[in-house]
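Okay, so here's the structure we're looking at.
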Number of protein chains: 2
Amino acid sequence: MVRAPQQRRLETRAKLLAVAADIIASEGIGNLRVEDVVQRAGVAKGTLFSHFKDKDGLLAILVGAQVMQYLDDMDALGAPSSIDSLLNRIEPLLNYIAADRVIFDLLLRYSGSISDHSDEVITAGFYRQIELWANWVAVLQAQGHVRNNHPPALLAEGVQAFMNQVLALRFCQKTPADVPAMSALRPFVMAWLAP
Amino acid sequence: MVRAPQQRRLETRAKLLAVAADIIASEGIGNLRVEDVVQRAGVAKGTLFSHFKDKDGLLAILVGAQVMQYLDDMDALGAPSSIDSLLNRIEPLLNYIAADRVIFDLLLRYSGSISDHSDEVITAGFYRQIELWANWVAVLQAQGHVRNNHPPALLAEGVQAFMNQVLALRFCQKTPADVPAMSALRPFVMAWLAP
DNA sequence: TTGCAAATTTGACCGCGGTCACTAAATAAT
DNA sequence: ATTATTTAGTGACCGCGGTCAAATTTGCAA
């Protein structure tokens, strides 16, 4: 028999997430240390790991929520009217991930949280993104703006592949940033989606 | 003034690489520990880090050499005669990377070795791969087997993007392996290259 | 041969993520 | 009310990658 978590536990979890978000906002996600989180939250180290599988599990909750926010924003704008318009819709999310390679790695590797609800935020966001883009592609196909000799899901996944490719290349070079990530992405998506 | 490395240093480096390769062969690349390497090589821990930037730097040398070997093999076979033939040429490398996510991460993140020759094996292999594939694509374009409304380099990079996408997805699911990586890759490459 | 400077190696030490046997608190059973 | 049982939290401890001032070895020149 599983028992509902006590309020104390929910408060502890919320406190940990709040503190972590705070540290990330001020120090950057790459400078977040578990010891800092637990110290500022006023709990022991072991407590954190009873709430989250590991450090990445914690980060995934926060990053996943942010990604979901971007997806909400995309969703609210409705289907794009062209490939260029689609790229514009994607841009905020692209820039968010491009801002820090820790985020990129997290999204690519995700190790999962420990929660009973199995709320693997990253995975959920991933599928939602593909679904959303696939819908857009379907609309654009109907309008003749995207080639329709392949299923929307395949094309949507392809867009994600190019996004990851562009980001990975960007994080490989030592010179931080020369051109916006978007201009590297555009030619690929154009060649992939154009009729 | 830079001086050529002494014999002793070359031997130490070779010994470290040999021991590391040995451990990887018997224990797997994910179970390699720095302490084991230096102990079995008969040197102190600090020595390893004076030869390689970090643990990944060491691994990159070995993995990079392996990748180069696959590229040599590809090269020796000459240009493929069709998209399917191209996929067959790629398959060994794909399977090598698919075998262990440590290898995949390494190739995607590479942090670099410390050597003066700046022999960033991974980076070199990366460019060589794109160049090789671009040549193939150009040949296939000339034969009408691949669409020729885009530069070969773009198409080659796209193939790599799809390869990474398929691998990333594969490493995300908990169920180890259902179908060969190749069958996941084929539809993307077909849709990407077909005229 | 001797002395010096550069090159190479050393290993004690550190930071940080993660574990686990134990204590404390909350809830259920008597 | 008292005891038993489950849930939450604790912090000393560990593993392992990585650092650095000091020690050692090597090459070269006087």
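Just so it is clear, the model here is predicted, and its values are computed rather than measured.
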Excluding sequence neighbours, so at least two apart, what forms salt bridge (Lys or Arg N to Asp or Glu O under 4.0 Å) with [X]?
| X | value |
| --- | --- |
| R40(A) | D22(A) |
| D73(B) | none |
| R186(A) | D84(A) |
| E91(A) | none |

Rounded to whole Å, how long is the line connecting atom [atom1] of [X] with atom [atom2] of [N]?
| X | N | atom1 | atom2 | value |
| --- | --- | --- | --- | --- |
| Q39(A) | dT10(D) | CD | P | 13 Å |
| E11(B) | dT25(D) | CD | C1' | 13 Å |
| K15(B) | dT9(C) | NZ | P | 14 Å |
| K53(A) | dT19(C) | NZ | P | 9 Å |
| L32(A) | dG15(C) | CG | C1' | 15 Å |
| D54(B) | dT19(D) | CG | P | 8 Å |
| L16(B) | dT9(C) | CG | P | 9 Å |
| F52(A) | dG9(D) | CZ | C1' | 14 Å |

Fill in the blank from the handout: Whether each nucleotide of nucleotides 20-30 of chain C has a protein heavy atom under 4.0 Å at its base (B), only at its sugar-phosphate (S) or at neither (-) is summarised, 5' to 3', as B-----S-S--
Handout entry: Closest non-hydrogen atom pair between A20(A) and L32(A), with its separation
Key =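 Answer, listing the atom of A20(A) first, then L32(A): O-CD1, 3.6 Å.
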Handout entry: Side chain of R9(B) - closest among dT9(C), dC16(D), dT10(C)
Key =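 Nucleotide nearest to R9(B)'s side chain: dT9(C).
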Practice task
Measure from the side chain of A44(A), starting at C-beta and using heavy atoms only, and say which of dG18(D), dT10(C), dG11(D) lies closest.
Solution key: dG11(D)
Handout entry: Transitive ILVMFWY cluster of L77(B), excluding itself - 4.5 Å side-chain cut-off
Key = none
Problem - side-chain N/O T12(A) vs dG9(D) OP1/OP2, d < 4.0 Å - result: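 So the side chain of T12(A) is within the cut-off, an N or O lying under 4.0 Å from OP1 or OP2 of dG9(D).
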Problem - Distance below 4.0 Å between H51(B) side-chain N/O and dT9(C) OP1 or OP2 - result: yes
Practice task
Quick one: label L10(A) by what it contacts on the DNA or RNA (base, sugar-phosphate, nothing), any heavy atom closer than 4.0 Å.
Solution key: nothing
Problem - Q165(B): side chain to side chain donor-acceptor pair (under 3.5 Å) partners, not counting sequence neighbours - result: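 If we apply the side chain to side chain donor-acceptor pair (under 3.5 Å) test to Q165(B), skipping adjacent residues, the hits are Q160(A), N164(A).
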Problem - Interface with DNA chain C, restricted to residues 17-30 of chain A and to heavy atoms under 4.0 Å - result: none
Exercise for the section: Give every residue pair that meets the side chain to side chain donor-acceptor pair (under 3.5 Å) criterion with at least one member in residues 24-35 of chain A, sequence neighbours excluded. Expected result: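 Counting only pairs at least two positions apart or across chains, the side chain to side chain donor-acceptor pair (under 3.5 Å) contacts touching residues 24-35 of chain A are E35(A)-K45(A).
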Practice task
Would you mind checking if R109(B) and D56(B) are paired as a salt bridge, meaning a charged N to carboxylate O distance below 4.0 Å?
Solution key: no
